[in-house]
2 protein chains.
Amino acid sequence: MGSRMRRKSAVTALDAHLGYWLRFVSNQVSQAFSRKVAARNVSVAEWVILRELFDGESVVPSVLADRMGMTRGGISKLADRLVAKGLVTRTADDEDRRYQALALTAQGRELVPVLARLADENDDEFFGDLSAADRKKIESVMRDIVRRRGLKTVPVE
Amino acid sequence: MGSRMRRKSAVTALDAHLGYWLRFVSNQVSQAFSRKVAARNVSVAEWVILRELFDGESVVPSVLADRMGMTRGGISKLADRLVAKGLVTRTADDEDRRYQALALTAQGRELVPVLARLADENDDEFFGDLSAADRKKIESVMRDIVRRRGLKTVPVE
DNA sequence: TATTGTTATACTCTATAACTATA
DNA sequence: TATAGTTATAGAGTATAACAATA
């Protein structure tokens, strides 16, 4: 933790921090992606939920909140919007009616591959020119940081 | 029912995108930093303005907007808050009174090194364990992406 | 007319906490 | 009492556009 040597100047430049560069690039990536999915009337966080629901039959909000690093309140609002758009359904569990499982509608299921392609295109726009080794290196470093710190928050792609 | 068929090859996993990992880590870094500076009653965007003002005598809002990739309206709101906190002053240019130069107050100037220290600590928490080579590699890749795409800010320095 | 900065509006995301329905 | 989910409120950040003052 403290093994990193630090310069003696009292006020480090903004761009001397790796966090500055990550935020800079990742904000651009997210905003570009946001503009793409907006054409389908979906927000980035909504996309993440849709994608999570695509793999399993259904997912319970509290599990989704854990997985996405959001609060249950946040998931609840997102779910409201997705239900209103006809992309997601809520179904109370028969054995314990506190659990309101979320699942994709047919319309939602059809939309996911379309959005997934936009995600692919967006990532390619920013990182397509990197060498495979560079991409792998960066992903590996990020995974390590996540693992080491036990992070579990938001991927807003 | 035929539409139930999953074409998994068409739908990339969320975590297969580099943008996902950058966002994931960079959100954590920003949120951690946000909690640190909140103790000084400053937001992250406010910190960036304060740091930008620290180097020069004064900076005009439109230049700041360009440099930070924000709109003039956004800068205006931030400037309001900083002025209200006694950290920044507005001064109309004598030769062209449309220009309302922003500058640090004495209090603002004293605060910057304190915040800079928090920024150093935060970056160190997340990236301090990386090898110098890895840090350099990642910074270099990010700079290239910014340069290649002509993204907004002027990486100072 | 063009530019600088301000103001108004709206939406997304985050955070906290009070509230309900169920167990 | 504990848990799952909802609702309310607040704030930051972003985006667009109308607007006033100045040039």
Side-chain angles (χ1 to χ4, degrees), chain A residues 23-24 26-35 37-39 41-49 58-66 68-85 88-102 152-157, chain B residues 23-24 26-38 41-49 58-66 68-85 88-102 152-153:
Chain A
R23 183 163 48 87
F24 199 93
S26 113
N27 281 350
Q28 295 294 327
V29 174
S30 290
Q31 284 165 27
F33 183 60
S34 171
R35 283 189 292 272
V37 294
N41 192 29
V42 167
S43 78
V44 178
E46 286 166 9
W47 150 247
V48 175
I49 288 193
S58 70
V59 181
V60 152
S62 54
V63 169
L64 218 41
D66 256 14
M68 294 175 63
M70 294 183 59
T71 61
R72 287 171 299 157
I75 297 289
S76 185
K77 269 200 316 188
L78 286 174
D80 277 351
R81 272 152 45 186
L82 290 168
V83 168
K85 290 174 186 175
V88 161
T89 58
R90 276 190 178 97
T91 310
D93 187 293
D94 281 338
E95 299 185 354
D96 185 338
R97 300 190 60 78
R98 289 176 301 183
Y99 290 86
Q100 306 273 328
L102 302 177
K152 46 170 157 177
T153 292
V154 99
V156 171
E157 179 114 351
Chain B
R23 189 57 173 183
F24 201 101
S26 123
N27 280 352
Q28 292 295 324
V29 175
S30 290
Q31 285 166 26
F33 183 59
S34 172
R35 284 190 291 273
K36 288 186 176 72
V37 293
N41 193 27
V42 167
S43 77
V44 176
E46 287 167 9
W47 148 247
V48 174
I49 289 192
S58 69
V59 180
V60 151
S62 53
V63 169
L64 219 42
D66 259 11
M68 293 175 63
M70 292 182 61
T71 61
R72 288 171 298 157
I75 297 291
S76 187
K77 268 199 318 186
L78 287 173
D80 278 350
R81 271 151 49 184
L82 290 167
V83 168
K85 291 174 186 173
V88 161
T89 58
R90 277 189 177 98
T91 311
D93 186 293
D94 281 338
E95 299 185 354
D96 186 337
R97 301 190 62 77
R98 288 176 303 183
Y99 291 85
Q100 305 273 328
L102 301 177
K152 301 164 189 177
T153 281

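- Protein atom CZ of A:Phe24 is 11 Å distant from nucleotide atom P of D:dT14, rounded to whole Å.
- In this entry the distance linking CZ of A:Arg23 with P of D:dA12 reads 16 Å, nearest Å.
- Judged purely by distance below 3.5 Å, without hydrogens or angles, the side chains of A:Asn27 and B:Arg23 pair a donor atom with an acceptor atom.
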Can you name the atoms? Protein N/O to nucleotides 18-23 of chain C N/O, anything below 3.5 Å, with the distance.
{"from": "C:dA23", "atom 1": "OP1", "to": "A:Arg97", "atom 2": "N", "distance (Å)": "2.8"}

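- Using a 4.5 Å heavy-atom cutoff, the side chains of B:Phe33 and B:Val37 are in contact.
- A:Leu64 is listed as a side-chain neighbour of A:Val59, based on a closest heavy-atom distance under 4.5 Å.
- The CD1 atom of B:Ile75 sits 11 Å away from the P atom of D:dG13 (whole-angstrom rounding).
- Atom pair B:Tyr99:OH and C:dA2:P shows a separation of 16 Å (rounding to whole Å applied).
- Side chain A:Lys77 to base C:dT14: a donor-acceptor pair is found below 3.5 Å.
- A residue-by-residue look at A:Arg90 and B:Thr71 shows that A:Arg90 has its nearest nucleotide of DNA chain D further toward the 5' end.
- When the C1' atom of D:dG5 is taken as reference, atom CG of A:Leu102 falls 10 Å away, rounded to whole Å.
- Considering only the side chain of B:Ser43, D:dG13 comes nearest among D:dG13, C:dT14, D:dA4.
- Atom P of nucleotide D:dA15 and atom CG of B:Leu78 are separated by 13 Å, given to the nearest angstrom.
- Put simply, CG on B:Asn27 is 15 Å from C1' on D:dT14, counting in whole angstrom units.
- Of all the heavy atoms in B:Arg97 and B:Ala92, the pair that sits closest is NH2-CB, 3.8 Å.
- Residue B:Gln100 has no polar side-chain atom (N or O) positioned under 4.0 Å from OP1 or OP2 of D:dA21.
- Using a 4.0 Å heavy-atom criterion, one finds that A:Ser76 contacts the bases of the nucleic acid, with or without backbone contacts as well.
- Legend: residues meeting salt bridge (Lys or Arg N to Asp or Glu O under 4.0 Å) with B:Lys77, ordered by chain and number and at least two apart, are absent.
- Spacing between atom CE of B:Met70 and atom P of C:dG5 amounts to 14 Å, rounded to whole angstrom units.
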Run the side-chain donor-acceptor check on residues 78-85 of chain B: report pairs under 3.5 Å with partners two or more places apart or on a different chain.
{"from": "B:Asp80", "atom 1": "OD1", "to": "B:Arg90", "atom 2": "NH1", "distance (Å)": "3.2"}
{"from": "B:Asp80", "atom 1": "OD1", "to": "B:Arg90", "atom 2": "NH2", "distance (Å)": "2.9"}
{"from": "B:Arg81", "atom 1": "NE", "to": "B:Glu46", "atom 2": "OE2", "distance (Å)": "2.7"}
{"from": "B:Arg81", "atom 1": "NH2", "to": "B:Ser43", "atom 2": "OG", "distance (Å)": "3.2"}
{"from": "B:Arg81", "atom 1": "NH2", "to": "B:Glu46", "atom 2": "OE2", "distance (Å)": "2.7"}
{"from": "B:Lys85", "atom 1": "NZ", "to": "B:Asn41", "atom 2": "O", "distance (Å)": "2.9"}
{"from": "B:Lys85", "atom 1": "NZ", "to": "B:Glu46", "atom 2": "OE1", "distance (Å)": "2.7"}
{"from": "B:Lys85", "atom 1": "NZ", "to": "B:Glu46", "atom 2": "OE2", "distance (Å)": "3.2"}

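- Here the straight-line distance linking atom CZ of B:Arg98 with atom CG of B:Asp93 works out to 10.5 Å at 0.5 Å rounding.
- Residue A:Arg81 has a polar side-chain atom (N or O) positioned under 4.0 Å from OP1 or OP2 of C:dC13.
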